Undergrad: 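Please see the structure below; I have some questions.
Position 1 is the first residue of the sequence, and the numbers go up from there. These figures come from a predicted structure and were not determined experimentally.
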Amino acid sequence: MSQQQRQPWIVGVSGASGTPFAAAVLRGLLAAGESVDLVVSRASRLTLLDEAGIAFRDAHWQEDLRSWLARGADGKPNTFEADVTGVRHWAAGDLAAGPSSGSYPAKGMLIVPASTACVAGVALGLSKDLLQRAASVTLKERRKLVVAVRETPLSGQTLKHMVALDEAGAVVLPASPAFYAGATHIQDLVDFVAGRVLDAAGVPHLLYRRWEGELGGGSRG
């Protein structure tokens, strides 16, 4: 695919707990044939190291991303196939990167997971790093922005920031798994949230069993 034709989804990963959510969303986008521009914040690298034992390095991002996406939510390596050829990585401190401009072609942006600090920064338009700047650009260009908030409990100030994002046109999507789909493993719960993020973006997937109006349908699957 030529650079002129490429129109990626920008995926921002903030420092909140929940790096398996981001991995599942990335796998879902790539499985659907979507191109991805990835921005991994500085704070999220500490979380990724803690939750998955992976040190994400700009100079070796393909190797590190491949290891991350291959890992299951239970921490087992080599659980998934990981082809990252559809991904372009931008350093979080690179404010001259493509996604920092509204003229850069993109379908929209998914922030997974989104910390309360990230929510506040985007709601206030701070643009302190590329993740926040790309989100601000997404809003001003009226593109789809999905913010998967991962925090509990939520303070009144964070709730106000979430309302501000909603009013600005973003989809505020708390990382809240459901159980009607018949989850039996932690990966099922992670995939449900990832699937809802992809639903909000309009990207097809088969990550979870959809509700079909039949009580107990998931438990009999």
Undergrad: If we ignore angles and hydrogens, is there a donor and acceptor under 3.5 Å between the side chains of Trp9 and Asp37?
TA: no
Undergrad: Would a distance-only check, ignoring hydrogens and angles, find a side-chain to backbone donor-acceptor pair under 3.5 Å from Arg27 to Leu69?
TA: yes
Undergrad: Go through the steps to decide whether Leu65 and Leu26 satisfy the test side chain to side chain contact (heavy atoms under 4.5 Å, CB included), and finish with yes or no.
TA: CA-CA 10 Å; Leu65 178 61; Leu26 288 166; 4.2 Å; yes
Undergrad: Provide the closest heavy-atom pair for Ala164 versus Ala123 in the form atom of the first, atom of the second, distance.
TA: CB-CB, 4.3 Å
Undergrad: Are Leu173 and Val190 connected in the hydrophobic side-chain network, where two residues link if heavy atoms are under 4.5 Å apart?
TA: yes
Undergrad: Check the side chains of Glu51 and Thr19 for a donor-acceptor pair under 3.5 angstrom, ignoring hydrogens and angles.
TA: yes
Undergrad: Say whether, by atom type as modelled, one donor and one acceptor occur between the side chain of Ser115 and the main chain of Ser14 under 3.5 angstrom.
TA: no
Undergrad: Salt bridge (charged side-chain N to carboxylate O under 4.0 Å, His left out) with Arg210: which residues, sequence neighbours excluded?
TA: Asp199
Undergrad: Please report the interatomic distance CD(Glu151) to OG1(Thr158), rounded to the nearest 0.5 Å.
TA: 7.5 Å
Undergrad: About how many Å separate CH2 of Trp61 and CH2 of Trp68, when rounded to the nearest 0.5 Å?
TA: 12.0 Å
Undergrad: Determine whether Val171 and Leu145 make a side-chain contact, defined as any pair of heavy atoms from C-beta on separated by less than 4.5 Å.
TA: no
Undergrad: For the pair Arg57 and Glu63, find out whether any cationic side-chain nitrogen is under 4.0 Å from an anionic carboxylate oxygen.
TA: yes
Undergrad: Considering all heavy atoms of both residues, which atom of Val147 and which atom of Ala170 are nearest to each other, and what is their separation?
TA: CG2-CB, 4.4 Å
Undergrad: How far apart are the closest heavy atoms of Ala92 and Val40, and which atoms are they?
TA: CB-O, 3.5 Å
Undergrad: Keeping the roles fixed (side chain from Asp188, backbone from Thr184), state whether a donor-acceptor pair exists under 3.5 Å.
TA: yes
Undergrad: Taking the basic N atoms (NZ, or NE/NH1/NH2) and the acidic carboxylate oxygens, is any pair closer than 4.0 Å for Arg45 and Asp58?
TA: yes
Undergrad: Listed by chain and number, what are the ring pair (Phe, Tyr, Trp, His ring centres under 6.0 Å) partners of Phe56, not counting sequence neighbours?
TA: His89
Undergrad: Which heavy atom in Cys118 sits nearest to a heavy atom in Leu131, and how many Å separate them?
TA: SG-CD2, 3.6 Å
Undergrad: Under a single-linkage definition using a 4.5 Å side-chain heavy-atom cutoff for Ile, Leu, Val, Met, Phe, Trp and Tyr, are Leu189 and Val197 assigned to the same hydrophobic cluster?
TA: no
Undergrad: Does Ser136 use its side chain to pair, donor to acceptor, with the backbone of Gln132 at less than 3.5 Å?
TA: yes
Undergrad: First locate atom OG1 of Thr138, then atom CZ of Arg133, and finally report the distance between them rounded to the nearest 0.5 Å.
TA: 10.0 Å
Undergrad: Would you check, one step at a time, whether the test side chain to side chain contact (heavy atoms under 4.5 Å, CB included) holds for Leu198 with Val25?
TA: CA-CA 7 Å; Leu198 295 178; Val25 166; 4.2 Å; yes
Undergrad: Using a 4.5 Å cut-off on heavy atoms from C-beta on, say whether the side chain of Val13 contacts that of Val39.
TA: no
Undergrad: Which heavy-atom pair separates Ala91 from Leu130 by the least distance, and what is that distance?
TA: O-CD2, 3.4 Å
Undergrad: Just wondering, are more than 12 heavy atoms of other shown residues or ligands nearer than 6.0 Å to NZ in Lys160?
TA: no
Undergrad: Do Tyr180 and Tyr208 pass the ring pair (Phe, Tyr, Trp, His ring centres under 6.0 Å) test, and can you show the C-alpha distance, the side-chain angles, and the key distance before you say yes or no?
TA: CA-CA 10 Å; Tyr180 62 78; Tyr208 68 89; 7.3 Å; no
Undergrad: Pairing donors with acceptors under 3.5 angstrom, does anything connect the side chains of Ser35 and Gln7?
TA: no
Undergrad: With the side chain counted from C-beta on, respond yes when Val36 and Pro8 share a heavy-atom pair under 4.5 Å apart, and no when they do not.
TA: no
Undergrad: Output the distance between atom CG (Leu95) and atom OG (Ser127), rounded to the nearest 0.5 Å.
TA: 8.0 Å
Undergrad: Would you say Val203 and Val84 are hydrophobically clustered, going by side-chain heavy atoms of ILVMFWY under 4.5 Å?
TA: yes
Undergrad: Is the count of non-hydrogen atoms from other residues, nucleotides or ligands lying under 6.0 Å from Leu49 atom CG greater than 12?
TA: yes
Undergrad: Ignoring hydrogens, what is the shortest heavy-atom contact between Leu207 and Ala24? Give both atom names and the distance.
TA: CD1-O, 4.4 Å
Undergrad: Quick check for you: to the nearest 0.5 Å, what is the distance between Ser41 atom OG and Ile111 atom CD1?
TA: 10.0 Å
Undergrad: Has the side chain of Arg143 got a donor or acceptor atom that lies under 3.5 Å from a matching backbone atom of Ala135?
TA: no
Undergrad: May I ask you to check if Arg150 and Phe21 form a cation-pi contact, with NZ or CZ under 6.0 angstrom from the six-membered ring centre and within 45° of the axis?
TA: no
Undergrad: How would you list, by chain and number, every residue that makes a side chain to side chain donor-acceptor pair (under 3.5 Å) with Gln187, sequence neighbours excluded?
TA: Asp191
Undergrad: Between Ser44 and Thr47, do the side chains contain an N or O donor and an N or O acceptor separated by less than 3.5 Å?
TA: no
Undergrad: If you measure from CG on Leu110 to CG on Leu29, what distance do you get to the nearest 0.5 Å?
TA: 6.0 Å
Undergrad: Could you walk me through whether Met109 and Val146 pass the side chain to side chain contact (heavy atoms under 4.5 Å, CB included) test, one step at a time?
TA: CA-CA 6 Å; Met109 183 173 184; Val146 182; over 6 Å; no
Undergrad: Give a yes or no on whether the backbone of Gly53 and the side-chain of Arg71 come within a donor-acceptor separation of less than 3.5 Å.
TA: no
Undergrad: Report the C-alpha separation of His161 and Leu124 in whole Å, then their side-chain angles, then the decisive distance to 0.1 Å, and conclude whether the side chain to side chain contact (heavy atoms under 4.5 Å, CB included) test is met.
TA: CA-CA 8 Å; His161 291 149; Leu124 297 173; 4.2 Å; yes
Undergrad: Distance-only, no hydrogens or angles: does the Ser101 side chain make a donor-acceptor pair with backbone N or O of Gly98 under 3.5 Å?
TA: no
Undergrad: Going hydrophobic residue to hydrophobic residue with side-chain gaps under 4.5 angstrom, can you get from Trp211 over to Phe179?
TA: no
Undergrad: Do the non-hydrogen side-chain atoms of Val122 and Leu165 ever get within less than 4.5 Å of each other?
TA: yes
